[in-house]
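The next block holds one structure in the form of structure tokens; read it before the comments.
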Amino acid sequence: MASSRRTPAALGLLAAAVVLVLTACSSGDGTRPVPTDGPPTSKPTPTSTPTPTSQATRVTPDTIRTAPTEAVFHGGIALEPNSLAARAEATLGADGETDASRAAALIAERPVAMWIGDGYDDAQLVRVITDYLVAAERQGATPVFVTYAIPDRDCGNHSAGGLSAERYPAWNATIAATLAGHRAVVIVEPDSLGMLSRCPQLADVRLPLLRQAVADFAAAGVPAYLDGGNSHWVAPEVMADRLEAAGVDRARGFFTNVAGFYPVGDEQPYAEEVAAMTGGSRYVIDVSRNGRGWKGTWCNPDDVGLGQDPRVVDDDGRLDALLWVKTPGISDGTCNGGPAAGEWYPSYAEMLVDRRPEWARS
């Protein structure tokens, strides 16, 4: 595909579309975009009420850590119908950007996690989650959510923000209550533990908040994964200590490589070490953009490609799934010619698709 440029119309529509669709950095020195403070441009209204999961397939508070992978990701990973990539496909296609629209379409065909930030009020928050639950239950699959509103997010840098320490527990409890009784998986606060290397003074407030968040999800029967950083960031024994302090014993486990570029061959041995140090925790790996590995920077690096399609791993190991947690195609920030962090970056999405290696296409 040839690289394309965004038209002014596409820019405006796609910028509005990224409300609360958040990116993640791939190292402790990276940054994240600040979520929009206002509500989405069009408020979602659920067309029906999600149906509670049957007892036969439900993960319970007592089986969060021991349930088989096929129960945690029952029916596979759900596809969000109105994802950012799907909206980009429509907008770019209407503007005659054929190649850019085609790249967005390929990404939109793969399940990507839904990020939930702090820009919704409680009613909107419930509607957004409920809409995705309804869609996932129609597919007979499991939706993956990402929470991203921890106080002092990004250590006060470019993605500074998040909720107050007083507000955060109620916000998280609303999410847990909405998910209770339904199949769902939650990726809890990317970078929240990794960034403690940079801002250790946050630990006294952050760790209790994460413990409470995990406890809320566990009580609701929702498998949660805590931040495990990546294989080139925090030493396994240090990360294991942080995970224990954050309540990993009540979680399903942890995640690695969110928005990162490191190959599974690097991430899995690291994750196995951390898992062994945390009572046999399970883990998931973000493979959304790791098709060509690390290229020396976390921010819109050149010569990168999509990783393998997201899938549930059905062997006997501790790896539960290879996920697309990061939304491929959105900018990491105003670097290497990119637009603001969180905006759809058409030419970058094309590169990710074009340079996806053959092994990742099968």
* To do: In sequence, state the C-alpha distance, the side-chain angles, and the governing distance for Glu343 and Ser331, and then conclude on side-chain hydrogen bond (donor to acceptor under 3.5 Å, both in side chains).
  => CA-CA 6 Å; Glu343 283 192 26; Ser331 175; over 6 Å; no
Quick one: list whatever passes side chain to side chain donor-acceptor pair (under 3.5 Å) with [X], sequence neighbours left out.
X	answer
Arg167	Asp122
Thr174	none
Thr142	none
Arg250	none

* Sort and list the pairs that fulfil disulfide (SG to SG under 2.5 Å) and have at least one residue in residues 208-290, not counting sequence neighbours. =>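 Passing the test, one end in residues 208-290: no pairs.
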* **Of all pairs that satisfy disulfide (SG to SG under 2.5 Å), the ones with a partner from residues 171-227, not counting sequence neighbours** =>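 Qualifying pairs, neighbours excluded: Cys155-Cys199.
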* Asked: Heavy-atom count around Asp303 CG within 6.0 Å, excluding the residue itself: above 12?
  ->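 Correct, the count exceeds 12.
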* **Minimum heavy-atom distance Leu319-Arg282, with the two atoms named** =>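 Nearest heavy atoms, Leu319 then Arg282: O-NH2, 4.4 Å.
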So that I can tick it off, tell me whether [Y] and [X] are bridged by a salt bridge, with the cut-off set at under 4.0 angstrom between side-chain N and carboxylate O.
X	Y	value
Arg110	Asp309	yes
Asp152	Arg206	no
Asp154	Arg198	no

* ring-ring contact (aromatic ring centres under 6.0 Å, His included) involving Tyr270 - partner list, sequence neighbours excluded ->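 Tyr270: no ring-ring contact (aromatic ring centres under 6.0 Å, His included) contacts found.
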* Taking only residues two or more places apart in sequence, or in another chain, which ones meet Phe255 in a ring-ring contact (aromatic ring centres under 6.0 Å, His included)? ->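 Phe255 satisfies ring-ring contact (aromatic ring centres under 6.0 Å, His included) with no residue once adjacent residues are dropped.
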* To do: Give a yes or no on whether the ring-centroid distance for Phe254 and Tyr225 is below 6.0 angstrom.
  =>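 No.
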* salt bridge (charged side-chain N to carboxylate O under 4.0 Å, His left out): pairs with one or both residues in residues 214-240, sequence neighbours excluded ->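 Listed once each, the pairs would be none.
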* Output yes when a side-chain donor or acceptor of Ser101 lies under 3.5 Å from a complementary backbone atom of Glu97, and no otherwise. =>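 Looks like no, no N/O pair under 3.5 Å.
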Would you indicate whether the side-chain heavy atoms of [Y] and [X] approach each other to under 4.5 Å?
X	Y	result
Thr297	Phe261	no
Thr178	Thr130	yes
Trp233	Met239	no

* Using salt bridge (charged side-chain N to carboxylate O under 4.0 Å, His left out) as the criterion, list what pairs up with Arg65, not counting sequence neighbours. =>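 Result, salt bridge (charged side-chain N to carboxylate O under 4.0 Å, His left out) vs Arg65: none returned.
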* Evaluate the ring planes of His232 and Tyr262, with Trp represented by its six-membered ring, and classify them as parallel (under 30°), tilted (30 to 60°) or perpendicular (over 60°). =>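 Rings of His232 and Tyr262: parallel, as their planes differ by under 30°.
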* To do: Could you check Glu137 against Tyr132 for side-chain hydrogen bond (donor to acceptor under 3.5 Å, both in side chains), going step by step and ending with a plain yes or no?
  => CA-CA 8 Å; Glu137 286 164 8; Tyr132 194 15; over 6 Å; no
* **Set of side chain to side chain contact (heavy atoms under 4.5 Å, CB included) partners for Ala321, sequence neighbours left out** =>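 For Ala321, the residues satisfying side chain to side chain contact (heavy atoms under 4.5 Å, CB included) (neighbours in sequence not counted) are Phe73, Val284, Leu323.
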* Considering residues at least two apart in sequence or located in another chain, which fulfil the side chain to side chain contact (heavy atoms under 4.5 Å, CB included) criterion with Val112? ->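 So Val112 forms a side chain to side chain contact (heavy atoms under 4.5 Å, CB included) with Trp324, Thr327, Pro328.
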* Under 3.5 Å, is there a donor-acceptor pair between the Asn230 and Thr256 side chains? ->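 There is no such pair between these side chains.
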